[in-house]
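In what follows, a single structure is set out as structure tokens and then discussed.
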Amino acid sequence: MKQFFRIVFLLLLPLLFLCGCAGPSADRNAGSLQGQEPRQVHSEGTAMGTVIQQNIYTRGEDCTEDIAELITGLEEDTFSWRLETSELYRLNQAAGSAGGTELTDEMAQILRQCLELTEASGGAFDIAIGPVARLWDIDGWAAGEREGEFRPPDGEALSRALALCGSRRIRLQTDADPEAGGEVTLFYSEAGTELDLGAVGKGAALTHILKYLESDSDITGAVVSVGGSVLTYGEKPDKSLWKIGIVDPADPKRNLGILTLEGQWCISTSGDYERFAEADGVRYHHILDPATGYPARSGLSSVTVVTKDGLLSDALATACFVLGEEKGTELAKRYGAEALFVGESGEITMTSGMEKLFQRR
Ligand code: ADP
Ligand code: MG
């Protein structure tokens, strides 16, 4: 009997070899030690107050739990405005203290990028929006964390909160050449000023996820979404391109169309349908206009931005939403990013580069 199996095995061996060679990834894997076809691992969970979806092609272990932990770690250690463990929390606690607070290299880099975007967007994007964002607490209402009926804040409370907002109330000071490892200190001019990294945390997480994916040679391709920010990486085993749906703001269960992308990109969408609360039939969403303190009304329902960098795509999506289509297009172009705008009545406009990526449903 044993002999029989040995013969069958020997007869099948060339066939198995041929199958392997005929597979779409055979050439690519020729030099690989593992040599086998990557398998797809999938996971869905929540972190950073949003849905995390992972689709990863790997020849190794299922890494989705590691990536989920990485995102949770970023929230706990860096981005959360409410968890006492985070760097942002400690910075906000020290607002107004004379000595300022020394930053980690990562936070220094994030704040530099954010301040540059505030400048470039003429203040439409501004992370020093904490007091107004806390007053509205749209995220809290949208997540069902608050009891009772939503009411927009009254004008006086809003003016008081707005008086504490604005990046001109913070300052970064570097005591040496940053390339030489100089320490960066953050100063707030007033107590009560509060930074909010809600507009960039998910995008910034993509950069960490990308580094993780790049560090594992078993991983050949991936699509990971952290809420409205999506990272594409590598390729699928059949080499077909990545397809990312653009949500229809009027009916978020449906897609307006599809973006087709190769390799590594970051795609971020900011929309009025993502988080909102309603009062007297009016919808108040969570993207605020720093000029007024009210939810931005620029004629748009959503903006999608495609760039190589995660923080940038996330920040630009928020900034372009506040700025509206015309100024938003200018800003996206300045950063070499592609943008797609969905107007309040559903009309779609986009940069010329985006036209090559987007296909209407
Ligand atoms: P999402 O969190 O759904 O991805 P955004 O990336 O557009 O949406 O970020 C919205 C969050 O950013 C808000 O919940 C708030 O914390 C903060 N925010 C709101 N308006 C602004 C703004 N104009 N500039 C910077 N941050 C903002
Ligand atoms: Mg954003």
Side-chain angles (χ1 to χ4, degrees), residues 46-52 71 75 79-82 88 92 110-111 113-143 145 158 161-162 165-167 170 193-206 225-231 247 249 252 266-277 284-298 300-307 309-324 327-328 331-332 335 337 339 341-342:
T46 52
M48 287 192 164
T50 192
V51 178
I52 315 292
I71 301 166
E75 182 184 18
F79 290 102
S80 174
W81 58 266
R82 61 171 104 210
L88 182 69
N92 283 334
I110 291 168
L111 297 189
Q113 235 180 317
C114 287
L115 289 176
E116 190 197 300
L117 265 146
T118 301
E119 180 86 34
S121 66
F125 171 86
D126 195 333
I127 54 168
I129 199 156
V132 165
R134 294 298 81 77
L135 189 62
W136 283 94
D137 191 26
I138 301 285
D139 293 348
W141 285 101
E145 288 166 2
L158 202 54
L162 204 52
C165 293
S167 281
I170 59 168
T193 295
E194 197 183 328
L195 303 186
D196 177 331
L197 294 173
V200 296
K202 299 173 194 87
L206 299 185
S225 63
V226 184
S229 285
V230 186
L231 169 73
V247 171
C266 295
I267 306 102
S268 292
T269 301
S270 279
D272 62 7
Y273 60 90
E274 286 176 334
R275 287 156 203 241
F276 60 85
Y284 298 90
H285 60 77
H286 69 146
I287 306 163
L288 303 167
D289 183 346
T292 62
Y294 280 86
R297 293 219 54 189
S298 56
L300 297 174
S301 269
S302 82
V303 180
T304 299
V305 173
V306 178
T307 64
D309 179 69
L311 185 144
L312 187 61
S313 68
D314 200 357
L316 281 176
T318 306
C320 291
F321 188 99
V322 176
L323 285 173
K327 287 189 175 160
L331 182 68
Y335 279 92
F341 302 85
V342 183

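Counting convention: from 1, in listed order, for ligands and their atoms alike. Side chains are part of it too, since the values below use all heavy atoms of this structure and drop only hydrogens, waters and symmetry mates.
- Contact annotation: Ser270 places no N, O or S atom under 2.8 Å from the Mg ion (ligand 2).
- Remark: the backbone N or O of Phe321 is paired with a side-chain donor or acceptor of Ser298 at under 3.5 angstrom.
- Remark: Ser301 engages Pro249, Asp272, Glu344 in a side-chain contact (heavy atoms from CB on, under 4.5 Å) (not counting sequence neighbours).
- Looking from atom 5 (P) of ligand 1 to the surrounding protein, the closest heavy atom is Thr318 OG1, 3.4 Å.
- Atoms of ligand 1 found under 4.0 Å from any heavy atom of Phe125, numbered from 1 in the order shown, are 24 (N), 25 (C).
- For ligand 1, the polar-atom distance check finds no N/O of Arg134 at less than 3.5 Å from any of the ligand's N/O atoms.
- Of the protein's non-hydrogen atoms, the one nearest atom 25 (C) of ligand 1 is Asp126 O, 3.2 Å.
- Inclusion of Glu274 in the set of residues having an N or O under 3.5 Å from an N or O of ligand 1 is warranted.
- Nearest non-hydrogen protein atom to atom 19 (C) of ligand 1 is His286 O, 3.3 Å.
- In this structure, Tyr294 has its ring center closer than 6.0 angstrom to the ring center of Trp136.
- Counting atoms of ligand 1 from 1 in the listed order, those under 4.0 Å from a heavy atom of Asp139 are 14 (O).
- Among all non-hydrogen protein atoms, the one lying nearest atom 18 (N) of ligand 1 is Ile129 CG2, 4.1 Å.
- Within the structure, salt bridge (Lys or Arg N to Asp or Glu O under 4.0 Å) pairs that include any residue of residues 113-135 comprise Arg134-Glu194, Arg134-Asp196 (at least two apart or interchain).
- Using a 4.0 Å cut-off to heavy atoms of Pro290, the atoms of ligand 1 that qualify are 23 (N).
- In plain terms, the two heavy atoms of Thr304 and Thr269 that are nearest each other are OG1-OG1, 2.9 Å.
- For the atom pair CG (Leu206) and CG (Leu311), the distance works out to 9.5 Å, reported to the nearest 0.5 Å.
- Look at Ala317 and the Mg ion (ligand 2): no N/O/S atom of the residue is under 2.8 Å from the metal.
- In terms of protein heavy atoms, atom 6 (O) of ligand 1 is closest to Asp314 OD1, 3.0 Å.
- When only interatomic distances are considered, the shortest N/O to N/O separation between Ile127 and ligand 1 does not fall below 3.5 Å.
- Close to ligand 1: Ala124, with a non-hydrogen atom less than 4.0 angstrom away.
- Close approach to Lys202 involves these atoms of ligand 1, each under 4.0 Å from a residue heavy atom: 1 (P), 2 (O), 4 (O).
- Side chain of His285 to main chain of Ala296: a donor-acceptor pair is present (N/O by atom type, distance under 3.5 Å, no hydrogens or angles).
- Here the side chain of Ser229 pairs no donor or acceptor atom with the backbone of Ser225 at under 3.5 angstrom.
- Residues Cys320 and Val303 come closest through the heavy atom pair CB-CG1, 3.7 Å.
- A salt bridge does not link Arg82 to Glu75: none of the charged nitrogens lies less than 4.0 Å from a carboxylate oxygen.
- Between Leu288 and ligand 1, a contact under 3.5 Å exists for at least one N or O pair.
- One finds an angle of 170° at the Mg ion (ligand 2) between OD1 on Asp314 and OG1 on Thr318, to the nearest 10 degrees.
- Contact atoms of ligand 1 toward Ser270: 5 (P), 6 (O), 7 (O) (distance under 4.0 Å to a heavy atom of the residue).
- A donor-acceptor pair under 3.5 Å is formed between the side chain of Thr318 and the backbone N or O of Asp314.
- In plain terms, the two heavy atoms of Leu323 and Ser121 that are nearest each other are CD2-O, 3.7 Å.
- Polar contact with ligand 1: present for Asp196 (N/O pair, distance under 3.5 Å).
- In terms of protein heavy-atom proximity, atom 12 (O) of ligand 1 is nearest to Ala199 N, 3.1 Å.
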